[in-house]
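Every value quoted in this text rests on a predicted model; they were computed, and no experiment measured them. This chain uses plain numbering: 1 for the first residue, then up along the sequence.
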Amino acid sequence: MLPAALHDAAILAVAGAATYPLVLATVALTSILARTPDRRRDARATLTILMKRRPPR
């Protein structure tokens with residue numbers, strides 16, 4: 001039972017590690033390609049939060 005649980009946990013960890021860069025890439029593209037300045041600004045703010053960085057002063 002324990003090996004099956006460890007296997008499932010490893011699969012979830014790999015899926016999470018693969019999903020995060022895809023989310024970052026999507027938000028980065030949105031911050032560049034959005035049609036309105038408001039959406040670009042919101043996407044840049046979200047990217048800042050996801051990257052855990054402070055916005056420039």
Side-chain angles (χ1 to χ4, degrees):
M1 183 161 161
L2 184 60
L6 291 175
H7 182 262
D8 293 343
I11 290 174
L12 285 174
V14 168
T19 302
Y20 190 69
L22 292 174
V23 170
L24 287 178
T26 302
V27 173
L29 285 174
T30 302
S31 70
I32 296 169
L33 301 175
R35 292 184 181 186
T36 64
D38 290 337
R39 287 187 183 183
R40 286 192 300 268
R41 185 173 44 251
D42 290 344
R44 282 192 301 269
T46 303
L47 187 60
T48 301
I49 291 168
L50 290 174
M51 295 295 294
K52 298 176 182 142
R53 294 185 350 209
R54 292 187 197 180
R57 292 183 182 190

Participant: Pair up each side-chain donor or acceptor in residues 1-19 with any protein partner under 3.5 Å, not counting sequence neighbours, and list the distances.
Facilitator:
unit_1	atom_1	unit_2	atom_2	d
T19	OG1	A15	O	2.6

Participant: Would you be so kind as to tabulate the donor-acceptor pairs closer than 3.5 Å made by side chains of residues 27-34, with sequence neighbours excluded?
Facilitator:
unit_1	atom_1	unit_2	atom_2	d
T30	OG1	T26	O	2.8
S31	OG	A28	O	2.6

Participant: Provide the full list of salt bridge (Lys or Arg N to Asp or Glu O under 4.0 Å) pairs with a residue in residues 16-38, sequence neighbours left out, each pair given once.
Facilitator: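 Sorted result for residues 16-38: D38-R41.
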
